[in-house]
Protein chains: 2
Amino acid sequence: MDTTAAPAYTIGECARRSGFTMDTLRYYERIGLIGDIARTATGQRRFSDDHLEWLGVLKCLRDTGMPVEQMHRFATLVRAGDHTVAERIALLEAHKEAVDARMDDLAAKRDYLLGKIDYYRSLP
Amino acid sequence: MDTTAAPAYTIGECARRSGFTMDTLRYYERIGLIGDIARTATGQRRFSDDHLEWLGVLKCLRDTGMPVEQMHRFATLVRAGDHTVAERIALLEAHKEAVDARMDDLAAKRDYLLGKIDYYRSLP
DNA sequence: CTAGGACCTGGAGTGGACTCCAACGCAAAC
DNA sequence: GTTTGCGTTGGAGTCCACTCCAGGTCCTAG
């Protein structure tokens, strides 16, 4: 028999570990970004390691600027099963392109900023 | 005498050249990010090349994620005259640091994304 | 002269993503 | 066993940065 308890995190612990606030976690559950969260007999959420991993994905997508709606589409694909893998790749690739473009733009504007700073430094 | 007319752009032309919408330009004027816009006798705005240059700065700051309120502080410093140059440098440097941090974070998350894509690609 | 487009104002509305609240139940440390 | 604090809900509120609108004036090409 298995005496190892599967780790189950309270929403507070999950917030601490995932980097989302408790409110955001509840919000994400509500809008369908996180599914199948276990509950204790009294109704408290218990998150699993799988959830934490998924939240890591969500955090990555969100922090790179993916709109919540697109994350929702991705979550739907993941939930739909293996036959959506090609579509998931397409979505992630498109997003990666967007991130690359954003990084290029940031780099250019950072340089402009540096020039401005240098100019101010050059003043008498 | 000087027969060269100083270029004066309508708000539409200025929008086209600056990358802001007309509404945003009016909004920025209203909240004090742009000062001293000339008007025709009938009240239409006429932007100058100096404005376009300043709008370039604003666009750079905005597109690199500076909140409007901080841009406003910067605009105030610029308007206050040369004795604020040190403070302007400090503000821009702090912002540059923020941009660098953002870029590092994006790069890391982009790699995570690539890993995810590769994983999906590796599936049977 | 006239039609169509560009511009004006003040103020209201939008969208996205949370974030907060009241009023309550449950947990666990001492 | 009681206090402190974590968790619950549904719904309302917030924040930011615009964005849109009505109802008007003005400009310019034909």
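Chain A is the first sequence line, chain B the second, and so forth, proteins listed ahead of strands; every chain is numbered from 1. Computation of the quantities below employed the complete heavy-atom set of this structure, encompassing side-chain atoms and omitting hydrogens, waters and symmetry-equivalent molecules. Owing to the predicted nature of the structure, the values given are computational and were not obtained by experimental measurement.
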With the threshold set at 4.0 Å, does a side-chain nitrogen-carboxylate oxygen contact exist between [X] and [Y]?
| X | Y | value |
| --- | --- | --- |
| B/Glu53 | B/Arg17 | no |
| A/Arg16 | A/Glu13 | yes |
| B/Glu87 | B/Arg73 | no |

Original post:
Just checking A/Arg46: base, sugar-phosphate only, or nothing, at a heavy-atom cut-off of under 4.0 Å?
Top reply: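 Result for A/Arg46 = nothing.
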So, for [X] and [Y], which heavy atoms are closest and what is the spacing to 0.1 Å?
| X | Y | value |
| --- | --- | --- |
| B/Asp63 | A/Arg102 | O-NH2, 3.4 Å |
| B/Cys60 | A/Tyr112 | SG-CD2, 3.5 Å |
| A/Leu55 | A/Cys14 | CD1-SG, 3.4 Å |
| A/Ile11 | A/Arg26 | CD1-CG, 3.5 Å |

**OP:** Check the pair B/Arg121 / A/Glu93 against salt bridge (charged side-chain N to carboxylate O under 4.0 Å, His left out), numbers first and verdict last.
**Re:** CA-CA 11 Å; B/Arg121 283 243 177 72; A/Glu93 285 238 296; 3.2 Å; yes
Original post:
Under 30°, 30 to 60°, or over 60°: which ring-plane class applies to B/Tyr120 and A/Phe74, parallel, tilted or perpendicular?
Top reply: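 Geometry flag for A/Phe74 against B/Tyr120: perpendicular rings.
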Original post:
In Å and rounded to the nearest 0.5 Å, what is the CG to NE2 distance from B/Leu25 to B/His51?
Top reply: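 Answer for the CG-NE2 pair, B/Leu25 versus B/His51, is 10.5 Å.
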Each nucleotide N or O in nucleotides 13-22 of chain C that has a protein N or O under 3.5 Å away: list the pair and distance.
from	atom 1	to	atom 2	distance (Å)
C/dA17	OP1	A/Val68	N	3.2
C/dA17	OP2	A/Val68	N	3.4
C/dC18	OP2	A/Tyr28	OH	2.7
C/dC18	OP2	A/Arg62	NE	3.0

Subject >> Result of checking A/Ile31, A/Val57, A/Leu33 against A/Met71 for side chain to side chain contact (heavy atoms under 4.5 Å, CB included) >> reply: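 When side chain to side chain contact (heavy atoms under 4.5 Å, CB included) is applied between A/Met71 and each of A/Ile31, A/Val57, A/Leu33, only A/Leu33 qualifies.
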**OP:** Walking along DNA chain D from 5' to 3', note the first and the last nucleotide with an atom under 4.0 Å from a heavy atom of chain A, and give both.
**Re:**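 Boundary nucleotides touching chain A, in 5' to 3' order, are D/dG7 to D/dT9.
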**OP:** State whether B/Arg45 places a side-chain N or O below 4.0 Å from either non-bridging phosphate oxygen (OP1 or OP2) of C/dC8.
**Re:**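 Yes.
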Original post:
For B/Thr10 and C/dC7, is the shortest distance between a side-chain N/O and OP1 or OP2 below 4.0 Å?
Top reply: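 Yes, because at least one side-chain N or O of B/Thr10 sits under 4.0 Å from OP1 or OP2 of C/dC7.
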Original post:
Rounding to a whole Å, what distance do you find between A/Gln44:CD and C/dA27:C1'?
Top reply: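 That distance rounds to 7 Å.
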Original post:
Can you tell me how far C1' of C/dA6 sits from OH of B/Tyr9, to the nearest Å?
Top reply: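 Rounded to the whole Å, the gap is 18 Å.
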**OP:** Could you check which residues of residues 48-61 of chain A get a heavy atom under 4.0 Å from DNA chain C? Sort them by number, please.
**Re:**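 Nothing qualifies; none.
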